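These numbers come from a predicted model, not from an experiment. Residue numbering restarts at 1 for every chain, and letters A, B, ... go by the order of the sequence lines.
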Amino acid sequence: MTNRWLLKSEPDVYSYDDLVKDGETLWTGVRNNTAALNMKKMQVGDEGFFYHSNIGKEVVAICRISKLAAPDPTDETGRWVAVTIEPVRKLPRPVTLAEMKAEPKLEGFELIRQSRLSVVPVRDAEWAQILAMAG
DNA sequence: GCCAACGTTGGC
DNA sequence: GCCAACGTTGGC
């Protein structure tokens, strides 16, 4: 079962361009239980939106899960996990948070409902809607 | 087990 | 810089 996701990153810390440069990256540092549960549900090949938080506040690209959740090497307690992601493509243009909030079809979107969650599931209809908004 | 206090995230 | 939302911690 393929699912879709949205992953947040502050672009001054790690942007989509950094991911392109690196080829792939271990998505470390998630320290929230709901977000960790979402990562454990990810399958290799699942796609996700890459969202720039704080600066930009917009979906900029699509990425793909390339490795399943495994223990996060930056976590000394051994309780947290990280997946590996790779870049897929940039959107024709970014879709901003303000646009998504203004779109009635995205009313139930988890990104908007629970704004602090850093790894968010995206429903098929929401995925299609955001792609359509990206042009 | 409840809840107040505090810390963090992220939008504005 | 402020604040809302949410999670965590610790006293009782």
Side-chain angles (χ1 to χ4, degrees):
Chain A
M1 166 81 188
T2 300
N3 292 302
R4 288 174 167 139
W5 310 97
L6 179 144
L7 304 174
K8 287 188 192 177
S9 185
E10 298 181 32
D12 55 340
V13 177
Y14 197 88
S15 70
Y16 182 73
D17 287 342
D18 292 325
L19 178 60
V20 170
K21 185 158 39 117
D22 292 347
E24 67 171 19
T25 197
L26 196 54
W27 203 249
T28 58
V30 174
R31 297 291 183 270
N32 170 281
N33 196 247
T34 305
L37 283 172
N38 285 336
M39 287 202 293
K40 288 178 186 173
K41 290 182 200 159
M42 292 177 179
Q43 300 294 311
V44 170
D46 280 5
E47 289 185 324
F49 285 131
F50 196 102
Y51 176 81
H52 282 173
S53 66
N54 264 314
I55 300 166
K57 283 163 276 180
E58 56 196 11
V59 177
V60 293
I62 295 171
C63 59
R64 185 188 297 115
I65 310 305
S66 57
K67 291 194 185 106
L68 291 178
D72 182 341
T74 69
D75 167 36
E76 289 158 12
T77 70
R79 296 187 306 136
W80 300 105
V81 295
V83 294
T84 302
I85 65 169
E86 58 190 15
V88 175
R89 64 180 175 276
K90 272 195 179 177
L91 298 182
R93 67 169 191 90
V95 178
T96 66
L97 180 64
E99 289 175 88
M100 292 188 280
K101 279 187 167 175
E103 172 52 59
K105 288 178 187 160
L106 296 177
E107 208 172 327
F109 190 22
E110 199 65 12
L111 177 73
I112 295 162
R113 237 179 41 79
Q114 196 175 335
S115 66
R116 284 184 50 213
L117 193 57
S118 61
V119 180
V120 176
V122 181
R123 299 183 194 94
D124 287 349
E126 294 163 346
W127 183 271
Q129 178 60 34
I130 291 163
L131 281 183
M133 290 162 77

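In summary, A:D72 and A:R79 do not engage in a salt bridge, as defined by a charged side-chain N under 4.0 Å from a carboxylate O. With salt bridges taken as basic N to acidic carboxylate O contacts below 4.0 Å, none links A:R4 and A:D46.
Nearest to the side-chain atoms of A:S53 among the listed nucleotides B:dG10, C:dG7, B:dC12 stands B:dG10.
Within the structure, every side-chain polar atom (N or O) of A:Y51 is placed at least 4.0 Å from both OP1 and OP2 of B:dT9. The shortest distance between the side-chain N/O atoms of A:K101 and the OP1/OP2 oxygens of B:dC12 is below 4.0 Å.
Backbone-only engagement by A:N32 is indicated by non-hydrogen atom pairs under 4.0 Å involving sugar-phosphate atoms exclusively. When heavy atoms are screened at a 4.0 angstrom cut-off, A:L97 is found touching the sugar-phosphate backbone but no base atom.
Taking atom CD1 of residue A:I55 and atom P of nucleotide B:dC12, one finds them 15 Å apart after rounding to whole Å. Straight-line distance from the CG atom of A:L37 to the P atom of C:dC6: 17 Å, rounded to whole Å. Atom CZ in A:R116 sits roughly 16 Å away from atom C1' in B:dC12 (whole-Å rounding). One interatomic measurement links the two molecules: CZ of A:R31 to P of B:dT9, which rounds to 11 Å at whole-angstrom precision. Here C:dG7 presents its P atom at 11 Å from CH2 of A:W80, a figure rounded to the nearest Å. The CG atom of A:N33 sits 22 Å away from the P atom of C:dA5 (whole-angstrom rounding). Nucleotide B:dT9 holds its C1' atom 11 Å from the CD atom of A:Q114, rounded to whole Å. The interatomic distance linking A:N54 (CG) with C:dC3 (C1') rounds to 14 Å, in whole Å.
Applying the side-chain hydrogen bond (donor to acceptor under 3.5 Å, both in side chains) test to every pair with at least one member in residues 55-64 of chain A, sequence neighbours left out, gives these pairs: A:R64-A:E86.
Ring geometry, A:F50 versus A:Y14: the interplanar angle falls from 30° to 60°, so the pair is classed tilted.
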